[in-house]
Enquirer: 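Let me give you the structure first, and then I'll get to my questions.
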Amino acid sequence: MKQVNPEGLSSPPPTGVGDEIYALVQRLFPICRSISGDGVRQTLDVMSGHIDLERHEVPTGTQVFDWTIPKEWNIRSASITGPDGQTVVDFADSNLHIVNYSLPFKGILRLDELRPHIHTLPEQPQVIPYRTSYYTPTWGFCAAHDRVANMPDGLYRVEIDAELKDGSLTYGEYLHRGQTEREFLFSAHICHPSLANDNCSSLAVLAALARSLKGRSTRYSYRFLFAPGTIGALAWLSRNENRTCLIDHGLVLSCVGDAGSPVYKRSRRGDAFIDRAMAHVLGRQAGAKLMDFSPYGYDERQYCSPGFNLPVGMFQRSVHGTFPEYHTSADNLDFIRPEHLEDSFRVLTDVIDIVEEDWTPLNLLPKGEPQLGKRGLYAAVGGQKSSGATSISLLWVLNLADGQHSLLSMAERSNLPFKELAASARLLSEHGLLSAAS
């Protein structure tokens, strides 16, 4: 059973952490990423300047459960040139102009032959959609509907200088070692090109979170995984299947930089500690929402598949697929803000505090209420504000410290902030009124 930590809860993140996170997003945004290739490696290179990432390469053809690692994809250029010699669409202008994982192609096509290979959003005519063809070999372009709606008849030159070859899938991870091998897993997909919220925001927030832990002694070990969506998580699970039993808590992050209120999707278990901790933290934020698990979303689907059933939930702000900027060029650097990135960062630090500081106290004077006044613990007005404790939180801790209630259970029962109850328990322990339950 955990003993009281005399160092208490973590200190607040430094002022300006949102600006630091946003600056990293700005560096990551221009990179053309996919589920494999040099874009992922370049992204990990940038992130390695912030945390000590370990890089892993999984060769093409490797079996990962029911999936196979595909050929590696890299692209150099792609364009459509019109009958008048003018460039209609150019990959150099936006990473989203090419269907991600497009086959190489070079040829001259009539307009009616070309149109099926151009994807637009007529209902959002000024934005470029994001499309992929990871497992269905084809080629194509994406463009703003207004840009291509009135293309004249004639012959169009199409060039896609891309390469699909035997290579590898790349993922990176960072492990902050704690006092035990029990782990908290943080995971974010690294495969989306030039989409700020989905998912440069999560990569940058997790990099900042990992860096904030470097100087902190923790009970748990914290693993940060940056892997391509679906296939990357499966690759990691297949390589670490014998270690998944060490994962006590987990969060998948996506879309954590926009103005939407925080949203948490519960794990498949529904009542895991991470589900309760996130519910407590978000329950104190106006507009925050909790969602039940569903097998649709991001890599929580893999971690929560029945063969693993890990205690992993998903944290986001605006729910993926529900906002008009999702998977379009409108998900740009103007769509996210430093203050929202910082708020997401603080949610995660609050959850880590609960994971680290939760323990089950035992009242050493359980018959009646201990006299707090003679111990200087029961101020006439205002409670123990300097310690973070209050009179009511002291009373709740003493009353529920029967060896059956952890601090999180007390927070759920009393509807008081976990930090306040933790401060009260620490104060009561210092005055010999509490011990850790055996």
Side-chain angles (χ1 to χ4, degrees), residues 10 13 21 51 171-176 178 182-190 197-199 201-213 218-227 229-230 232-233 236-237 240 244 246-257 260-283 285 288-294 297-305 308-320 340-356 358 408 418:
S10 66
I21 296 170
I51 52 178
Y171 66 84
E173 60 183 328
Y174 168 75
L175 179 64
H176 167 83
R182 309 306 302 180
E183 289 190 5
F184 192 139
L185 172 67
F186 287 100
S187 177
H189 60 278
I190 198 171
N197 202 34
D198 182 24
N199 201 27
S201 66
S202 300
L203 304 181
V205 166
L206 288 186
L209 188 66
R211 188 166 57 177
S212 74
L213 289 172
T218 60
R219 177 167 52 130
Y220 279 89
S221 294
Y222 291 81
R223 187 176 299 276
F224 295 82
L225 176 63
F226 306 99
T230 304
W236 184 85
L237 284 166
N240 295 274
T244 57
L246 297 174
I247 297 173
D248 286 347
H249 320 286
L251 283 173
V252 170
L253 267 66
S254 74
C255 306
V256 295
S261 298
V263 176
Y264 175 68
K265 173 182 169 182
R266 296 180 181 91
S267 71
R268 182 176 181 266
R269 299 182 186 183
D271 60 352
F273 188 92
I274 187 63
D275 300 323
R276 296 169 56 209
M278 286 296 294
H280 177 73
V281 171
L282 294 190
Q285 289 213 16
K289 299 177 183 177
L290 301 176
M291 298 171 54
D292 286 332
F293 175 80
S294 71
Y298 287 101
D299 286 329
E300 74 281 357
R301 305 186 336 258
Q302 314 312 325
Y303 304 124
C304 293
S305 58
F308 290 104
N309 196 28
L310 296 175
V312 176
M314 182 173 69
F315 174 55
Q316 54 196 322
R317 297 186 75 86
S318 294
V319 176
H320 59 89
H340 308 317
L341 293 164
E342 182 163 340
D343 182 65
S344 296
F345 177 91
R346 291 181 184 274
V347 167
L348 299 177
T349 56
D350 285 349
V351 169
I352 288 175
D353 283 343
I354 293 176
V355 167
E356 287 294 314
D358 191 48
L408 179 57
F418 178 91

Enquirer: Quick one: ring pair (Phe, Tyr, Trp, His ring centres under 6.0 Å) partners of F184, sequence neighbours excluded?
Expert: F186, Y222, H249
Enquirer: Using the test salt bridge (charged side-chain N to carboxylate O under 4.0 Å, His left out), find all partners of D292 that sit at least two apart in sequence or belong to another chain.
Expert: R266
Enquirer: Quick check: do R269 and N309 have side-chain heavy atoms less than 4.5 Å from each other?
Expert: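 Answer yes - side chains close enough.
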Enquirer: Output all residues satisfying ring pair (Phe, Tyr, Trp, His ring centres under 6.0 Å) with H280, sequence neighbours left out; order by chain, then residue number.
Expert: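 By the ring pair (Phe, Tyr, Trp, His ring centres under 6.0 Å) rule, H280 matches no residue at all.
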Enquirer: Tell me, please, which residues at least two apart from F293 pass ring pair (Phe, Tyr, Trp, His ring centres under 6.0 Å).
Expert: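 For F293, no residue satisfies ring pair (Phe, Tyr, Trp, His ring centres under 6.0 Å) once neighbours in sequence are set aside.
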Enquirer: Taking salt bridge (charged side-chain N to carboxylate O under 4.0 Å, His left out) as the definition, give me every residue that meets it alongside D350, ordered by chain and number, with sequence neighbours left out.
Expert: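 Once residues adjacent in sequence are excluded, the partners of D350 under the salt bridge (charged side-chain N to carboxylate O under 4.0 Å, His left out) criterion are K419.
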Enquirer: Closest approach of V205 and L253, non-hydrogen atoms and distance?
Expert: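 Of all heavy-atom pairs spanning V205 and L253, the closest is CG1-CD2, 4.3 Å.
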Enquirer: Looking at L310 and C304, what are the two nearest heavy atoms and their distance?
Expert: O-SG, 3.6 Å
Enquirer: Any chance you could lay out the side-chain contact (heavy atoms from CB on, under 4.5 Å) test for K289 and V319, step after step, and finish with the verdict?
Expert: CA-CA 10 Å; K289 299 177 183 177; V319 176; over 6 Å; no
Enquirer: Could you tell me which residues satisfy side chain to side chain contact (heavy atoms under 4.5 Å, CB included) with S212, sequence neighbours excluded, listed by chain and number?
Expert: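 So S212 forms a side chain to side chain contact (heavy atoms under 4.5 Å, CB included) with L209, F345.
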Enquirer: Would you name the heavy atoms of Q316 and S254 that are closest together and state the gap between them?
Expert: CB-O, 3.0 Å
Enquirer: Let me confirm one number: the OG1-CD1 distance from T218 to I352, rounded to the nearest 0.5 Å.
Expert: 8.5 Å
Enquirer: The test is side-chain contact (heavy atoms from CB on, under 4.5 Å); show your working for L225 and L206 and say whether it passes.
Expert: CA-CA 9 Å; L225 176 63; L206 288 186; over 6 Å; no
Enquirer: Hey, what do you get for CD (E183) to OG1 (T244), rounding to the nearest 0.5 Å?
Expert: 10.0 Å
Enquirer: Please list, chain by chain and in numerical order, all residues satisfying ring pair (Phe, Tyr, Trp, His ring centres under 6.0 Å) with H340, sequence neighbours excluded.
Expert: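 Partners of H340 by the ring pair (Phe, Tyr, Trp, His ring centres under 6.0 Å) criterion come out as none, since no residue qualifies.
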Enquirer: Could you state the interatomic distance from CZ (R182) to CG (D248), rounded to the nearest 0.5 Å?
Expert: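 Nearest 0.5 Å value for the CZ-CG distance: 4.0 Å.
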Enquirer: Between K265 (side chain only) and S294 (backbone N and O only), is there a donor and an acceptor less than 3.5 Å apart?
Expert: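 Checking the backbone N and O of S294 against the side chain of K265, a donor-acceptor pair under 3.5 Å is found.
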Enquirer: Determine yes or no for a side-chain-to-main-chain donor-acceptor pair under 3.5 angstrom, with N197 supplying the side chain and G257 the backbone.
Expert: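 Yes.
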Enquirer: Residues in side-chain hydrogen bond (donor to acceptor under 3.5 Å, both in side chains) with S201, at least two apart?
Expert: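 Expected list: none.
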Enquirer: Under the salt bridge (charged side-chain N to carboxylate O under 4.0 Å, His left out) test, which residues partner E173, sequence neighbours left out?
Expert: R223
Enquirer: Once rounded to the nearest 0.5 Å, what's the spacing between atom CG of D353 and atom CZ of F418?
Expert: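 Those atoms lie 8.0 Å apart.
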Enquirer: Kindly give the heavy-atom pair with the smallest separation between A233 and A227, and that separation in Å.
Expert: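 Looks like N-CB, 4.2 Å.
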Enquirer: What's the shortest heavy-atom distance between D299 and T230, and which atoms?
Expert: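 Minimum heavy-atom separation between D299 and T230: OD1-N, 2.7 Å.
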Enquirer: Does the side-chain contact (heavy atoms from CB on, under 4.5 Å) test come out yes or no for L237 and Y303, once each step is laid out?
Expert: CA-CA 8 Å; L237 284 166; Y303 304 124; 3.9 Å; yes
Enquirer: Please identify each residue that fulfils side-chain hydrogen bond (donor to acceptor under 3.5 Å, both in side chains) with N199, with sequence neighbours left out.
Expert: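 side-chain hydrogen bond (donor to acceptor under 3.5 Å, both in side chains) list for N199, sorted by chain: H189, S202.
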Enquirer: Applying side-chain contact (heavy atoms from CB on, under 4.5 Å) to D198 and H320, what does each step give before you reach the verdict?
Expert: CA-CA 8 Å; D198 182 24; H320 59 89; 5.6 Å; no
Enquirer: Below 4.5 Å, heavy atoms only, C-beta onward: do Y264 and I274 meet side chain to side chain?
Expert: yes
Enquirer: Can you name the salt bridge (charged side-chain N to carboxylate O under 4.0 Å, His left out) partners of R211, sequence neighbours left out?
Expert: E20
Enquirer: Got a second to check how far S267's OG is from M278's CE, nearest 0.5 Å?
Expert: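 It comes to 11.5 Å.
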Enquirer: Kindly write out the residues that satisfy side chain to side chain contact (heavy atoms under 4.5 Å, CB included) with A210, not counting sequence neighbours, or none if the list is empty.
Expert: I51, Y174, F224
Enquirer: Restricting to non-hydrogen atoms, name the atom on R317 and the atom on G260 that form the minimum distance, rounded to 0.1 Å.
Expert: NE-O, 3.0 Å
Enquirer: Starting at CZ of F315, measure out to CG of L251 and round the result to the nearest 0.5 Å.
Expert: 8.5 Å
